[in-house]
Amino acid sequence: MATGEFELIDRFLTRLGAQRDDVLLGVGDDAALVRPPPGLELALAADAIVEGVHFPVGLAAADVGHRVLAINLSDMAAMGAEPAWALLTLTLPEGSADWVRAFAAGLHELARLHGVALVGGDTTSGPLTASVTIAGFVPAGQALRRTGAGPGDEIWISGTPGDAAAGLAALKGSLDAPADILAPLVERFRRPSPRVALGLVLRGVARACIDLSDGLCADLGKLCAASGVAAAVDSTLLPRSAALRAAMDPEASRQLVLGGGDDYELLFALPPGVDAGSLARSAGVALTRIGTFRRGAGVTVDGEVPDRDLAHGFDHFTRQR
Ligand code: ADP
Ligand code: MG
């Protein structure tokens, strides 16, 4: 049965995430009131996901709630910002209370984990879409940008890119392997782990940073363009999860590691000589060096320009995956 907008907000969306002292007024008025800490800059980002475009039709509501916050937390991570407040705009085909309850639970769990308070939003009817706007703090001048990589810096990534794309393929029925092999890959798509702790330890250490949403080559290309450098990737250094290696042949997995999207890992530039092992321990995630930034422009893998699909990733307006 359809439930009204106000009842949905009141029942499920009013006190989501962490309780924070710097939220003076949360959901319920015409706008939220928050108090930014003195001396810190605010990092602001927004990201929306649309059913059938960014996630498959029928993905569990709790996963949609997790994902829409996770992709925004990932933007905070990529800037080295500490996430604090979020706004949620939900567009729902019909007011299904069960769906919103499960969605809210998925979002709430991840928001609490990262100390984020949901302070407001908007709810309308239409094709299923969830959009979050997030705000976080960063000490003045210390945000990680895409622009600082220089020739000679090392290219590093967190985690094991390619897993989420393999998981999405499995969800869509286009990757066939035993269920116990596919399960961890599907989990990487359903529940990305935004690397917020890594972003914080990279402040003052990494020279440039980006999060991987469109695919490794595509996002590395964006960082190169912003920094005015080239990137030379050595494919023998690319990490591959055990599940990915078990699920597909080496060539297919190479394509996914380089071109698959939705990983929400961080890719960053380190000057030579940084102790990445200690960064990895502090952040609780594996870090792998995959190549070197050089003078010039564009991305090469083993000296060759990757084919168009790998280089462009998922471009919403030119190509559907
Ligand atoms: P208005 O008519 O002033 O825009 P709304 O009726 O849209 O107010 O919203 C009422 C309150 O509920 C506001 O505080 C708003 O921030 C909050 N709200 C609406 N939708 C959501 C949502 N999806 N998630 C969180 N808060 C929401
Ligand atoms: Mg409103």
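As the structure lists them, so they are numbered: ligands from 1, and atoms in each ligand from 1.
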Quick check: does Gly28 get an N/O under 3.5 Å from an N/O on ligand 1? yes

Atom indices of ligand 1 within 4.0 angstrom of Val27 heavy atoms, with elements: 12 (O), 14 (O), 17 (C), 26 (N)

Can you list, by chain and residue number, the hydrophobic cluster partners of Phe137 when the side-chain cut-off is 4.5 Å? Val23, Val34, Leu40, Leu42, Trp85, Leu87, Val119

If you define the side chain from C-beta out and look only at heavy atoms, does anything of Leu88 sit under 4.5 Å from Ser131? no

Considering both backbone and side-chain atoms of Thr89, is one of its nitrogen or oxygen atoms within less than 3.5 Å of a nitrogen or oxygen in ligand 1? no

Quick one: which ligand 1 atoms are inside 4.0 Å of a heavy atom on Phe6? 6 (O)

Please lay out, stage by stage, how Thr89 and Asp122 fare under the test side-chain hydrogen bond (donor to acceptor under 3.5 Å, both in side chains). CA-CA 5 Å; Thr89 300; Asp122 197 22; 5.6 Å; no

Is Asp29 touching ligand 1 with its side chain, its backbone, both, or neither, if touching means heavy atoms under 4.0 Å apart? backbone

Check this for me, if you would: do Arg289 and Asp234 make a salt bridge, where the nitrogen-to-carboxylate-oxygen distance has to be below 4.0 angstrom? no

Mind checking whether Asp122 contacts ligand 1 via backbone (N, CA, C, O), side chain (CB onward), both or neither, at a 4.0 Å heavy-atom cut-off? both

Looking at Asp262 and Arg190, is any side-chain nitrogen of the basic one under 4.0 Å from a carboxylate oxygen of the acidic one? no

N/O separation below 3.5 Å, Leu88 to ligand 1: yes

So, taking the atom named CG in Leu73 and the one named OH in Tyr264, what distance separates them when rounded to the nearest 0.5 Å? 11.5 Å

For Gly121 and ligand 1, does the shortest N/O to N/O distance drop below 3.5 Å? yes

Counting from 1 in the order shown, the ligand 1 atoms closer than 4.0 Å to a non-hydrogen atom of Thr123 are 19 (C), 20 (N), 21 (C), 22 (C), 23 (N)

Enumerated ligand 1 atoms positioned under 4.0 Å from heavy atoms of Leu118: 24 (N), 25 (C)

Under 4.5 Å between side-chain heavy atoms, chaining through other members, with only Ile, Leu, Val, Met, Phe, Trp and Tyr counted: pull out the rest of the cluster around Leu198, sorted by chain and number. Leu144, Trp156, Val201, Leu202, Val205, Leu266, Phe268, Leu270, Val274, Leu279, Val285, Leu287

